[in-house]
Amino acid sequence: MENEKVKTKAQSGNLLEVEHLKEYYPVSVGMKKVPLKAVEDVSFTIKPGETLGLVGESGCGKTTVGRTILQLYKPTAGRIVFDGDVLFDSEKKIKVDMLPYRKRMQMVFQDPYSSLDPRMTVEDIIGEPLDVHKLYANKKERREKILSLMELVGLNAEHAMRYAHEFSGGQRQRIGIARALAVRPQFIVCDEAVSALDVSIQAQVINMFEEIQEKLGVAYLFIAHDLLVVHHISDRIAVMYLGRMMETADADELNENPIHPYTLSLLSAVPIPDPETARRSKRIVLEGDVPSPLKMPAGCPFRTRCKYATEQCAKEMPELKDRGNGHLVACWNK
Amino acid sequence: MEANKEDFKYKKRAFLSAQIDLSKFNKNDFEKATEEEKKQQDVMGESRTFFQDGMRRLRKNPLAMMSIFILLAIVVIIIVAPMICPYSYDTIIRVDGKRDRGVVNLGMMQYSDMEIEYMERTGEKLFPHIFGTDSLGRDYFIRCIYGTRVSLSVGVVAAIMVLIIGVIYGSISGYFGGKADMIMMRIVDVIYSLPDMLLIILLAVVLNENLGPLIQGTVFESLGSNMIAMFIVFALLYWVGMARLIRGQILQIKKAEFVLAARTIGTPNGRILRKHIIPNCLSVIIITTALQVPSAIFTESYLSFLGLGVSAPMTSLGSLANAARDSMQSYPHRLIIPAVIIVLIVLALNLLGDGLRDAFDSKLN
């Protein structure tokens, strides 16, 4: 693999811009069709070679955001700009043919067991993107490319003819990463890419993600629910709750100086490896359950579980406001 | 450690230890493994494909292996026997070119008086009538062989037709989903609710008049228009079960993440169906097809039994059994033999289908 980094042509310096993204699913309740608001008004940007961590609890719409960016789901509303090209704009009714962009944006999936076709050899799995985009001139070049990709993710060349079920979870995830890298993308959505692995393997795979970023200059949208992992790999972190963005900041800034009450409670739930410190630190336990996305509370969705909630919270959803140094928070009271 | 490498002594073995006593050796007794030797230690399980894996499990199933053996034996017999046996399924036996009135209704391995006399006269041995002869004086063994040929090929052809139509219809319906799926499945429901026997009988009657002149002089002529009607009905009606099954499988598989991954790559729909979805339904397809054959043979048999099967003088196992009904009390073997062959084929295919399911269904292992 040549070590040349990917370049961007965007004027703004952003590789990806997501503005007011909405994704509703129609769900039938009895005879009525009710929209399930999986993602409600999410905006963020990612610079070339940067990693944005996206955290939040299960069902808050993280995965949907990732898949909507890749247009695996059709967005309900919003605007997605990739490298200066508008991929989707609900107001101007723009929807482009995604095929050329599939070469430039890729995805690594959560479950290394179900994301690899059990009937295909590793060579065919990694070779599929090459086949689809016709990225080779002959069989020999295809094989060379596949082997260099396998080497890049730390797999043995002898493994090329094997089936996915013959590998361990970590190795399978490496195959998935090699498949995503095959088209030399500028941007990869890592959808809980390490959540299914155990801790020691997680570390290996995360380090590999970082090495690849250094070598190839890809940008990541790193989706996870483990704040420690996200803090380790991300340049910036965005916190989501019930389909809305609550707080965005630089990784260290968010860790040291969290503002939003939801972020505070998330951070307090991170296990501390030192029992002395752990005993002294206070855990903020949230009361009640996450409200159903079918019956979203008016105003701020977090107010039902927030101890700072006021009347204003019930009336209006707070905007993301800059609290200095690009630390954006959506809260009335903090 | 590095410094006193030379005078390094291994610890004495513990009392009652099963380990090699290393204190008897020193460092120089050992040499480092070369890269090549290290490679040999990498024990690699042989890479097995889905089929090799399934076949290995199938081979361990005695019932399935016996079924394969019986089916192979039947296939070999129906191919080879007509080459050896001098009689033909549609001609009445003649002895020395002369009509033999005594050759009708012979028992198993019997000769008629004229044949015995002929053999004594010339010293030549005549081929035995293994299953005897029928009421018209035709060799019953060769008729059974031809009947099996017809029945088996009807079963296989019908199963292939069901396979092709069912897989195409089911995969389109399942993969594209939504409105297309809704409409296609309602059509299936309608077809499902049609009484198939009634339709076969009606079609056979209608086609008999219209197809008769059309198929004259072709391969189908000896099979008769009833057979064609049966094929058409199979093609029209029996694929629905297969289509439903395939659709269900595909609905399940298309939600798998590897299909989503393929879509992320930009793989076109056709390729996703061919390379990802169909190969993953393969076990279900194989099993259902194997179980479709006996059901087709059964249908053919009882249609022939009703007199709607192949046209005479061609025969099938069902029509043999039907013809034997009249003389059931005097010559029971004529009913028993085709019945036993049907039972053998259907049982073997069903057991084989079960064995294939056990061997190839990934959910069970």
Side-chain angles (χ1 to χ4, degrees), chain A residues 63 66-67 69-73 97-134 156 158-167 172 175-176 179-180 182-183 185 188-189 191-192 196, chain B residues 35-36 38-57 177-179 182 249-286 360-365:
Chain A
T63 300
R67 293 184 179 179
I69 292 170
L70 290 178
Q71 313 260 320
L72 292 173
Y73 303 147
D97 173 27
M98 280 299 288
L99 192 63
Y101 295 98
R102 299 256 178 249
K103 258 195 283 192
R104 302 166 66 187
M105 334 166 68
Q106 271 301 315
M107 183 149 172
V108 175
F109 289 83
Q110 169 173 15
D111 184 357
Y113 290 88
S114 70
S115 62
L116 304 178
D117 189 333
R119 299 274 185 276
M120 278 179 145
T121 59
V122 173
E123 185 175 355
D124 286 338
I125 291 171
I126 301 175
E128 186 169 25
L130 302 175
D131 294 342
V132 170
H133 296 285
K134 302 185 182 63
N156 275 339
E158 299 110 73
H159 292 161
M161 291 316 290
R162 300 184 150 212
Y163 287 82
H165 65 84
E166 298 171 62
F167 293 93
R172 283 161 158 258
I175 299 169
R179 171 176 61 191
V183 290
I188 299 180
V189 175
D191 184 5
E192 307 246 11
Chain B
E35 281 303 310
E36 203 179 315
K38 274 184 196 163
K39 271 243 164 85
Q40 288 172 355
Q41 293 297 309
D42 285 339
V43 181
M44 286 229 236
E46 211 177 304
S47 186
R48 275 196 305 264
T49 65
F50 161 67
F51 267 102
Q52 290 169 336
D53 229 25
M55 289 313 290
R56 196 174 47 93
R57 274 193 293 271
K179 281 219 172 68
M182 222 272 287
Q249 278 285 311
I250 284 176
L251 282 182
Q252 205 183 352
I253 292 166
K254 80 169 180 183
K255 291 210 181 77
E257 276 194 338
F258 62 81
V259 173
L260 200 65
R263 285 182 32 216
T264 317
I265 287 165
T267 314
N269 281 332
R271 193 186 150 104
I272 291 182
L273 262 175
R274 266 186 300 113
K275 292 262 172 174
H276 294 285
I277 293 183
I278 301 281
N280 278 287
C281 308
L282 216 56
S283 53
V284 176
I285 295 174
I286 295 171
F360 284 98
D361 202 335
S362 48
K363 272 170 232 99
L364 292 173
N365 45 62

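In the text below, chain A, chain B and the rest are named by the order of the sequence lines, each starting its count at 1.
Using a 4.0 Å cut-off between charged nitrogen and carboxylate oxygen, A:D131 and B:R271 count as a salt-bridge pair.
A:Y113 is linked by a ring pair (Phe, Tyr, Trp, His ring centres under 6.0 Å) to nothing, counting only residues two or more places apart in sequence or in another chain.
For the atom pair B:I265 CD1 and A:H133 NE2, the distance stands at 7.5 Å (nearest 0.5 Å).
The two residues B:F258 and A:D117 come nearest to each other via the heavy atoms CB-N, 3.6 Å. Summarising the geometry of A:R119 relative to B:P279, their closest heavy-atom pair is NE-O, 3.1 Å, with the distance given to 0.1 Å. In this structure, A:S115 and B:A261 approach most closely via the heavy-atom pair O-CB, 4.2 Å. Residue B:N280 comes nearest to A:P118 through the heavy atom pair OD1-CG, 3.3 Å, listed as atom of the first residue, atom of the second, then distance. Summarising the geometry of B:P268 relative to A:V132, their closest heavy-atom pair is CD-CG1, 4.3 Å, with the distance given to 0.1 Å.
Chosen from A:L116, A:L99, A:L70, the residue pairing most often with chain B at heavy-atom distances under 4.5 Å is A:L116. Among A:R179, A:Q71, A:E128, the residue with the largest count of heavy-atom pairs under 4.5 Å with chain B is A:E128.
Within the 4.5 angstrom heavy-atom criterion, atoms from both the backbone and the side chain of A:L72 approach chain B. Looking at A:M107, both its backbone and its side chain come within 4.5 Å of chain B, counting heavy atoms on both sides. For B:L260, the parts sitting under 4.5 Å from any heavy atom of chain A are the backbone and the side chain alike.
Listed by first and then second residue, the salt bridge (charged side-chain N to carboxylate O under 4.0 Å, His left out) pairs that reach into residues 257-268 of chain B are A:R67-B:E257, sequence neighbours excluded.
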